[in-house]
Student: 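First the structure, then my questions, so here it is.
Read the numbers this way: they start at 1 and go in the same order the structure lists the ligands and their atoms.
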Amino acid sequence: VIQESKLSPKISSKHKRINVLEEYKKRSTNKVALNLVVVGHVDAGKSTLMGHLLYLLGEVNEKTMKKYERDSSKIGKSSFAYAWVLDETGEERSRGITMDVAINKFETEHRRFTLLDAPGHRDFIPNMISGAAQADVAILVVDATTGEFEAGFEANGQTKEHALLIRSLGVQQLIVTINKLDVVNWSQDRYNEIITKLNPFLNQAGFKKDKVVYIPCSGLTGENLLKRSQNILEWYSGPTLIQQIDKFEPPTRLLDKPFRLSVSDFFKGGIGSMGGITVAGKIEAGTIQIGENVMVVPGGEQGVVKGLETNDESSKWAAAGDSILMTLTGLDIIQLKVGSILCSVSHPVPVTSHILAQIIVFDVKVPITKGFPVILHRQSLNEPATITKLVAILDKSTGEIMKKNPRCLPKVSSAIVEIKLNNRPIPLETYKENKELGRIMLRKGGETVAAGIIIDVSKS
Ligand code: GDP
């Protein structure tokens, strides 16, 4: 049993304290809510697939869909009609790429999903990270077209990078859609060939065998999304995409930890017509209710929670796992930055500029050496940092130390390193303390070079 009183801050006398854990239990008997991210190489068909799925699920009305069809054929891009369901701005439409993380919601029989659509274009990986950092589960879209799967999987493709990224951001359950099978005549051989190439890689990246499921489909024709395709009856008896999505297991939430919310956006003005400042982000740990105080880190200033919104509905409380809007008063907007943490006043998150981390080095062109400059990403935060010490190279499967004080870290190695933030201390926690805030990613020159977990923050 969780001792709520131990963690709860004072609450202003105007508000009656809510037993959030009780409320959470009641809510959990309803449909489980999950955050879903869709990743994959550019043009793999992510937007088309998800747009079509949302349409088939009745989330897009007929009139709007007809308008997308008319407008897209007017500019000679009729195949983009479904993708438009997700791509909201004109610029994205005319360029035919998804630039930002658009959010949509849908429900299956037993689940409620917030869809974080991730862009496939290389330049937009930082946006994808903030989407993926909020994800519980993922769909990896691969293009079955001859040569296209290979292009996405090989050196400069994003299939591997995205898979490694979502895994290191904590996503454990994955659906791989073998998409555009209409282009290759619904070939079973092609379907199997892709699985044979992809599966060893995904296992090596840390996805457990029973947590990865491969679904053959076409986002464009809609086959095997909601209804089984006639074209694969002979060789496929597995689930449709939506049946498999409905089977995603609920993630474990850090309800009994002190409150932590990582700020992904903020603006002046409150929810509705309320005054104040509104913050958007995901609760990484703990619970919150109206009337409670929260602290902004870095900075240490405090504000009072005046309004909360989860799933587009105003609420008196919210809990770990919820993506929320929170209106605060008593706080100056200059105190906030994207990547700041709002946290419990009694158990604030530590601020540090020097950490020890265990990392996995990606498929880097140049080995990592002492003094290597990186951008450190943690949820929506990104900060310049330097790898100041190579402590040890580890055995990837056992985690045992293979070599102390190595001169460099080769690609696809596992290691312990010290990292120093260049400009300022930032809120970071060990993975042991908080598995959401304890995960980091290191990027350089537009590429992810490593990802890992924080094992010590007391180095400063
Ligand atoms: P994204 O970059 O991954 O979001 O890919 P899009 O959804 O924008 O699709 C890229 C292109 O592939 C567009 O021209 C789509 O019409 C096309 N496409 C997407 N899915 C399919 C499919 O299942 N079959 C076929 N034949 N084309 C598809």
Student: Side chain or backbone of Thr221 under 4.0 Å from ligand 1, or both, or neither, by non-hydrogen atoms?
Tutor: neither
Student: Determine whether any heavy atom of Ala44 lies closer than 4.0 Å to an atom of ligand 1.
Tutor: yes
Student: Ignoring angles and geometry beyond distance, decide whether Gly219 reaches within less than 3.5 Å of ligand 1 through its nitrogen or oxygen atoms.
Tutor: yes
Student: What class does the angle between the rings of Phe149 and Phe153 fall in, given that below 30° is parallel, 30 to 60° is tilted and above 60° is perpendicular?
Tutor: parallel
Student: Record the part of Asp43 in heavy-atom contact with ligand 1 below 4.0 Å; permitted values are side chain, backbone, both and neither.
Tutor: both
Student: Can a side-chain donor-acceptor contact be found between Asp143 and Thr145 if the only test is distance below 3.5 angstrom?
Tutor: yes
Student: Check each atom of ligand 1 against the heavy atoms of Ser47 and keep those under 4.0 Å away; list them by number with element.
Tutor: 4 (O), 7 (O)
Student: Relative to ligand 1, is Leu220 under 4.0 angstrom through side chain, backbone, both or neither, heavy atoms considered?
Tutor: both
Student: CD1 of Ile375 to CE of Met441: how many Å apart, nearest 0.5 Å?
Tutor: 12.5 Å
Student: Any atoms of ligand 1 less than 4.0 Å from a non-hydrogen atom of Thr48? List them with their elements.
Tutor: 6 (P), 7 (O), 9 (O), 15 (C), 19 (C), 20 (N)
Student: Can you tell whether the side chains of Glu150 and Arg190 come within less than 4.0 Å, N to carboxylate O?
Tutor: yes
Student: List every atom of ligand 1 that sits less than 4.0 Å from any heavy atom of Val183, numbering the atoms from 1 in the order shown and giving each element.
Tutor: 25 (C), 26 (N)
Student: For the 3.5 Å polar cut-off, considering only N or O atoms, please tell me whether Gly45 and ligand 1 meet it.
Tutor: yes
Student: Verify the distance criterion only: is there a donor paired with an acceptor across the side chains of Asn231 and Glu223 at less than 3.5 Å?
Tutor: yes
Student: Are Lys444 and Phe372 in a cation-pi contact, defined as NZ or CZ under 6.0 Å from the six-membered ring centre and within 45° of the axis?
Tutor: yes
Student: The test is side-chain contact (heavy atoms from CB on, under 4.5 Å); show your working for Lys247 and Gln173 and say whether it passes.
Tutor: CA-CA 10 Å; Lys247 284 188 204 147; Gln173 305 173 64; over 6 Å; no
Student: So if I count the atoms of ligand 1 from 1 in the order they appear, which ones are less than 4.0 Å from some heavy atom of Ser218?
Tutor: 22 (C), 23 (O), 24 (N)
Student: Against heavy atoms of Asp182, which atoms of ligand 1 measure under 4.0 Å?
Tutor: 22 (C), 23 (O), 24 (N), 25 (C), 26 (N)
Student: For the pair Arg260 and Glu429, find out whether any cationic side-chain nitrogen is under 4.0 Å from an anionic carboxylate oxygen.
Tutor: yes
